[in-house]
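Report on the following structure.
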Amino acid sequence: MEYIVEMLNITKEFPGIIANDDITLQIKPGEIHAFLGENGAGKSTLMSVLFGLYKPEKGIIKIRGEEIKIMGPLDANRYGIGMVHQHFKLVHNFTVLQNIVLGMETVEHGMLKMDEARKKVVMLSEKYNLLVDPDALIEDITVGMQQRVEILKMLYRDNEILIFDEPTAVLTPQEIDELMHIMKGLAAEGKSILFITHKLNEIKQVADRCTVLRRGKYIGTVNVEDVDLKQMSEMMVGREVNLTVEKDEAHPTDVVLEVEHLTVKSEHEGHTKNVVNDASFQVRRGEIVCIAGIDGNGQTELVHAITGLGNMSNGKVLINGEDVTKKSIRYKNTHGLSHIPEDRHKHGLVLDYDLAYNLVLQQYFDPQFEHMGFMKNDKIYEYAESLIQKYDIRSGQGPLTRARAMSGGNQQKAIVARELSRDPQILLAVQPTRGLDVGAIEYIHKELIKQRDEGKAILVISLELDEVMNLSDRILVMHEGCIVADLDPKKITVQELGLYMAGSKKEGGKHE
């Protein structure tokens with residue numbers, strides 16, 4: 001028996017779009033098989049077919065050579081298929097152990113029997129070096145740990161075929177290395193792993209073979225050691241992609257954003273430490289300043305305090321010399337501030353609105369879109385159509401598509417389009433390329449540099465060290481709520497930057 005999983009000639013359609021167009025995918029036992037494609041290429045859709053979340057219009061699925069019908073996730077589990085979704089499916093106020101046994105509980109006389117389950121979880125956790133505390137609440141552990149809980153959930157169910165959907169999108173560089181190590185260990189034990197991603201370096205690091213999709217169609221399957229990054233990116237995007245950021249010297253001029261002594265107190269009871277501690281810095285026209293740091297060192301709270309999404313206990317924010325600390329979010333938005341938020345679902349989009357309405361969220365009250373309380377829908381849809389063309393936002397039904405129905409990468413493009421088209425003075429971009437493929441990343445980086453060269457001030461917060469090093473003109477490092485360094489990317493290495501981020505290296509003197 002050569003293949004453990006075969007998906008043969010699968011076609012899956014949604015309104016206005018064929019997400020999977022006659023796709024064949026074959027996985028060998030014990031291999032790590034990468035599944036590569038742009039945002040919206042149909043990767044997650046195909047995996048959702050395999051996991052029983054969608055029924056295909058055409059095609060068959062075979063497990064160990066036998067044709068099967070998968071009616072839902074419980075069925076998939078019975079056939080040994082497990083999946084770690086891009087957005088984790090965990091109950092936040094349950095413990096790790098409760099999440100792992102959920103749906104597989106042992107009950108005797110109406111009482112939950114957790115002792116056996118605990119033993120098995122601890123054994124699996126040690127065997128695969130996952131080191132998760134079974135009694136911790138999900139809401140109290142890091143994103144990297146939550147992902148390990150998802151992996152334990154699959155192992156607890158004795159799954160042999162493990163699907164990882166964009167598993168590294170929310171991890172720090174250290175956590176990504178650990179995850180790669182765990183995946184190799186699982187494959188060595190004979191598990192077959194399907195690894196959906198668009199990060200080429202990771203495929204090179206762990207995968208044996210790679211299947212590429214483009215716009216819903218099968219492009220080919222290659223042995224990873226036989227191809228280089230350039231060839232893989234061309235297969236994925238259909239053209240040559242420049243993997244390095246090209247930019248001229250920056251020529252900064254006046255200060256646009258000024259942050260003075262900004263402090264944010266912790267909202268957790270009993271925590272006396274400030275989450276942001278006396279942060280002061282400036283961003284000038286014509287420069288890209290990146291804030292680097294390991295996730296959870298106060299970056300989110302800093303941005304929320306500047307934009308008005310969160311409170312600050314002390315400090316001032318000035319835009320073009322005007323104190324906007326106490327002004328409303330709308331005032332900041334109409335006075336030069338644009339914000340690409342970290343959480344696109346929570347703060348970036350109204351998921352049940354259509355794309356057109358999402359593209360005018362901060363401007364619908366302008367005379368061009370509204371008259372005496374009535375929306376000028378024809379103008380709104382016309383405007384949306386122009387942004388869709390300019391920013392290549394792909395969606396089944398154009399401006400009428402619900403934001404919820406779009407792929408993550410295209411949701412991100414929609415937010416970028418909306419924020420840049422408002423002609424901001426200062427752009428706050430938090431994780432602007434999170435979850436995007438190389439083609440879209442190249443596009444967004446070019447846009448940010450173009451904005452910089454047109455004299456905009458840009459503040460980027462990113463966890464991707466390559467992005468920080470390539471994009472920034474200056475790097476500020478945040479550690480435990482403090483800005484511990486102001487660095488020139490041309491004068492430091494990625495390793496040095498990592499040391500500042502971990503707090504094991506500090507710059508002398510006062511930071512400005």
Side-chain angles (χ1 to χ4, degrees), residues 17-21 23 25 33-44 46 166 168-169 176 195-249 288 387-395 406-414 416-417 420 429 431-454 460 462 464-472 489-490 494:
I17 197 163
I18 300 177
N20 294 149
D21 189 349
I23 292 177
L25 177 68
H33 193 111
F35 196 31
L36 176 68
E38 290 180 279
N39 302 111
K43 309 182 296 289
S44 295
L46 191 68
E166 300 282 358
T168 62
I176 291 172
F195 174 33
I196 308 177
T197 182
H198 41 238
K199 294 188 180 172
L200 303 170
N201 295 338
E202 291 169 8
I203 292 180
K204 268 303 208 196
Q205 211 177 325
V206 293
D208 303 304
R209 291 191 305 148
C210 174
T211 292
V212 183
L213 290 195
R214 189 186 324 139
R215 299 207 176 191
K217 289 187 166 32
Y218 173 81
I219 301 298
T221 300
V222 292
N223 285 324
V224 172
E225 59 185 11
D226 300 341
V227 291
D228 60 20
L229 298 181
K230 212 163 168 310
Q231 290 165 302
M232 283 201 288
S233 63
E234 273 181 50
M235 278 179 82
M236 166 164 127
V237 184
R239 62 179 171 82
E240 213 172 296
V241 178
N242 191 352
L243 298 170
T244 52
V245 178
E246 288 183 2
K247 63 184 194 338
D248 297 327
E249 272 304 304
I288 296 177
L387 290 190
I388 288 169
Q389 294 304 317
K390 185 178 170 192
Y391 289 87
D392 186 27
I393 306 168
R394 296 179 198 169
S395 57
M406 291 162 57
S407 77
N410 284 299
Q411 291 175 343
Q412 186 74 359
K413 277 189 185 171
V416 170
L420 293 185
Q431 300 274 41
T433 57
R434 170 183 271 184
L436 297 187
D437 58 70
V438 282
I441 289 172
E442 176 193 46
Y443 178 80
I444 284 176
H445 283 169
K446 273 187 180 156
E447 272 301 319
L448 290 175
I449 287 159
K450 186 169 141 226
Q451 297 284 323
R452 175 199 83 165
D453 294 343
E454 285 171 8
V460 175
S462 176
E464 302 274 350
L465 292 191
D466 290 350
E467 178 165 74
V468 170
M469 291 295 279
N470 282 321
L471 203 55
S472 60
K490 293 199 279 299
V494 171

Residue pair [X] / [Y]: nearest heavy atoms and the distance that separates them:
X: Glu202; Y: Ile176; result: OE2-CG2, 3.8 Å
X: Glu467; Y: Pro432; result: OE1-CD, 4.1 Å
X: Leu448; Y: Ile288; result: O-CD1, 4.1 Å
X: Ser233; Y: Val438; result: CB-CG2, 3.9 Å
X: Ser472; Y: Pro489; result: O-CG, 3.3 Å
X: Lys390; Y: Tyr443; result: O-OH, 3.1 Å

Say you draw a straight line from [atom1] of [X] to [atom2] of [Y]; how long is it, rounded to the nearest 0.5 Å?
X: Ile441; Y: Leu471; atom1: CD1; atom2: CG; result: 11.0 Å
X: Lys413; Y: Ser407; atom1: NZ; atom2: OG; result: 8.0 Å
X: Ile449; Y: Asp248; atom1: CD1; atom2: CG; result: 9.0 Å
X: Lys217; Y: Ile18; atom1: NZ; atom2: CD1; result: 6.5 Å
X: Arg215; Y: Arg394; atom1: CZ; atom2: CZ; result: 3.5 Å
X: Asp466; Y: Lys199; atom1: CG; atom2: NZ; result: 9.5 Å

Looking at [Y], is its backbone amide N or carbonyl O close enough to the side chain of [X] to form a donor-acceptor pair, meaning the two atoms are under 3.5 Å apart?
X: Lys43; Y: Glu38; value: yes
X: Asp228; Y: Lys230; value: yes
X: Lys446; Y: Glu246; value: no
X: Glu234; Y: Gln231; value: no

| message | Walk me through whether Asn410 and Ser395 qualify under side-chain contact (heavy atoms from CB on, under 4.5 Å). | response | CA-CA 8 Å; Asn410 284 299; Ser395 57; over 6 Å; no
| Identified side-chain hydrogen bond (donor to acceptor under 3.5 Å, both in side chains) counterpart of His33 within the set Thr221, Thr211, Asp208 | Thr211
| What pairs with Gln411 under side chain to side chain donor-acceptor pair (under 3.5 Å), at least two apart in sequence or on another chain? |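 Gln411: side chain to side chain donor-acceptor pair (under 3.5 Å) contacts with His345.
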| said: Using side-chain contact (heavy atoms from CB on, under 4.5 Å), reason through Ile393 and Met406 one step at a time and then give a plain yes or no. | reply: CA-CA 9 Å; Ile393 306 168; Met406 291 162 57; 3.7 Å; yes
| task | Compute whether any side-chain donor of one residue and acceptor of the other, for Glu464 and Thr433, lie under 3.5 angstrom apart. | result | no
| query | Can you list the steps and then say if Glu249 with Lys490 is a salt bridge (Lys or Arg N to Asp or Glu O under 4.0 Å)? | reply | CA-CA 11 Å; Glu249 272 304 304; Lys490 293 199 279 299; 3.5 Å; yes
| Lys204 and Val224: side-chain contact (heavy atoms from CB on, under 4.5 Å), yes or no, with the steps? | CA-CA 6 Å; Lys204 268 303 208 196; Val224 172; 3.9 Å; yes
| field | Qualifying residue, where the test is side chain to side chain contact (heavy atoms under 4.5 Å, CB included) with Cys210 and the options are Thr197, Leu200, Val222 | value | Val222
| What residue among Ile219, Val212, Ile196 forms side chain to side chain contact (heavy atoms under 4.5 Å, CB included) with Leu36? |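 When side chain to side chain contact (heavy atoms under 4.5 Å, CB included) is applied between Leu36 and each of Ile219, Val212, Ile196, only Val212 qualifies.
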| request: Before giving the answer on side-chain contact (heavy atoms from CB on, under 4.5 Å), spell out for Val206 and Phe195 the whole-Å C-alpha distance, their side-chain angles and the decisive distance to 0.1 Å. | output: CA-CA 9 Å; Val206 293; Phe195 174 33; 3.7 Å; yes
| message | Looking at Glu225, I want to see if its CD is surrounded by more than 12 non-hydrogen atoms of other residues, nucleotides or ligands under 6.0 Å. | response |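 No.
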